[in-house]
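As structure tokens, the structure follows; a few thoughts come after it.
So you know, we letter chains A, B, ... as the sequences are listed, proteins then strands, and number each from 1.
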Amino acid sequence: MIIEICDSAAIPEGEIRRFEPEGFAPIAVARHEGRLYVFPDRCPHADESLAEGWLEDGRVVCGVHFAEFELDTGKVHNPPVGCPNLSFFRCEDRDGKVFATLTGGPEYV
Amino acid sequence: MCDTGCAGNAGRPNMAPVYPKAGRYPDYARLVDRNRAQVDRRVFVDEGVYQAELQQIFARSWLFLAHESQIPNPGDFIRTSMGEDDVIVVRQRDRTVRAFLNSCPHRGNRVCMVDAGSKARGFICNYHGWSFGIDGGLRGTDGKVYEKDETFEKAQIGLTPVAQVDSYKGLIFGTFDPNAPSLLEFFGPFTFYLDIMLDNDEGGTEFIGGAIKSEIDCNWKFPAENFVGDILHAFWTHQSGAQAILGGGVDLGKRYDELAFQASVYGHGIETNLDKVGNTRTLGYPELVDYVFDLSERARDRLGDLRSRAIGAISSCTIFPNFSFLPGQNTFRVWHPRGPGKIELVVWTLVNKNAPDHIKELYRKGVMMTFSPGGVFEMDDGENWEYSTRVNQGFVTRQQPLHYALGLQSADLDRDLPGHIHKGSLNDANQRLFYTRWAEFMEHDNWTDLQNGETAPPQKTASAAE
């Protein structure tokens, strides 16, 4: 099931925003070079918010232990021990709105 | 702890920063005898005196942290000391500068191990992975343990901020005392003299070439009092070094008697001649001498005749308690205390941003040749200060008086300059006022008394008495 998350304009280039859609765990929505990315707002390592981190050179940087996740692949760099890759939800930027498929959980790209 | 803690009823921790209160140490204050112009040698070796210095002086004074040019961008940081307290100084995302104790509030470990860096994302403790933002706030911990503990209040925890941070013309200072007066009040009218180095040209100043660190086995006050007003030693201590670089001895200039003076405000002091280039000449590069002659001419509009003649002159300065510099030679330094008998010395070279690159390069080389651990003048000084300190381990030796009485009748009441002015730079006057300030810090537990004592600028004392 695909659900509406927010207005597309709510996600400026280079920023990450946190949303709490009803019935789902909090998610993060980021925009890099125009493209949208939706992923759990929870780092795979220590459950910290990724929306409190930032984007840098096409990667999500976790603000707590500075693990970096590639936006295209989810591959982790500079990980604390045991930190897996990041997974993403399918999403669409359509008619000025952000939509994502949250059921079934994120998929490893 | 276990009375309630083991039963599971412990109160929640109070993690608010603690800024220690000052006390009163009149017995230590009396170690400086103003009537006899003597300083008791116990101030250089006594552990009790030293601990009182950390509390009364280093936990209250504005202390030098960094030059703005060392941390230009958000996340840029340097690690330094305030007294013996390890401190991180970091540029914030809003471009302000903040400073924090380099100690994790969990088990106290250092959270920053390196001397300096750029674009830091934060600081992670090596022990349990507690992670702090460049704003000092606790961002998170390792793993999924604390997050499941309902009583854990992350927002209450952070690195202890240095209570106040401010800057003056490129130099950043901090104090652990939330009640300390502003940096400008701490300097008082002494800024008049600081501007000789910090504001003699358009565009401001910068540090170049990194920092040189060394250790000297001496009490921190010997180098501080040396720079506050002891050009006297140069004619003996540095004569051979001067001979080697200049081909002759140190020369105070033809109009020494008429022009040279010492000035002191709140224990900060400068002694200077007005010979324009006497200090600069010792760096050994004629091009630098030409540069300073030109600079001196150009600076006349900004600084007036007297201060423009002091830019490169034979002179030295200490900001109380432990930050010193030499106009002309452009070496800036902090004498960090490491116990009563040891200092860690950190040295930088300051230049005008607008100076030509080859001039900056000559300053860098010249300072390293003269005032670095291998420099001809630094070597001379270190040995003297080590033995001036070490001999006082002798029980009988440390009972003996020390003489600080040169120039007792030399007060210059006619000269219209800020602060306490004494005639001639060959004089113990500034050193006496430095130790008087030291005694004021030992004596007083409040800033009202501290800012209105004998070392306060004379006109302020006069108006307070009215």
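- Closest of all the heavy-atom pairs between A:Gly63 and B:Ser131 is O-OG, 4.0 Å.
- The neighbour count for B:Tyr127 OH, taken as heavy atoms of other residues, nucleotides or ligands under 6.0 Å away, does not exceed 12.
- Enclosure of atom CZ in B:Arg338 by more than 12 non-hydrogen atoms of other residues, nucleotides or ligands within 6.0 angstrom is indicated.
- No more than 12 heavy-atom neighbours from other residues, nucleotides or ligands sit within 6.0 angstrom of NZ on B:Lys119.
- The number of heavy atoms from other shown groups lying within 6.0 Å of CZ (A:Arg18) is above 12.
- For A:Glu52, the CD atom sits in a loose shell: 12 or fewer heavy atoms of surrounding residues, nucleotides or ligands are nearer than 6.0 Å.
- Taking every heavy atom of both residues into account, B:Gly140 and A:Val64 meet most closely at CA-CG1, 3.7 Å.
- Proximity of B:Arg121 to A:Glu68: side-chain heavy atoms (C-beta onward) are separated by under 4.5 Å at one or more points.
- The two atoms that bring B:Phe123 and A:Phe66 nearest to each other are N-CZ, 4.3 Å, heavy atoms only.
- The two residues B:Lys154 and A:Glu48 have their closest heavy-atom pair at NZ-OE1, 3.3 Å.
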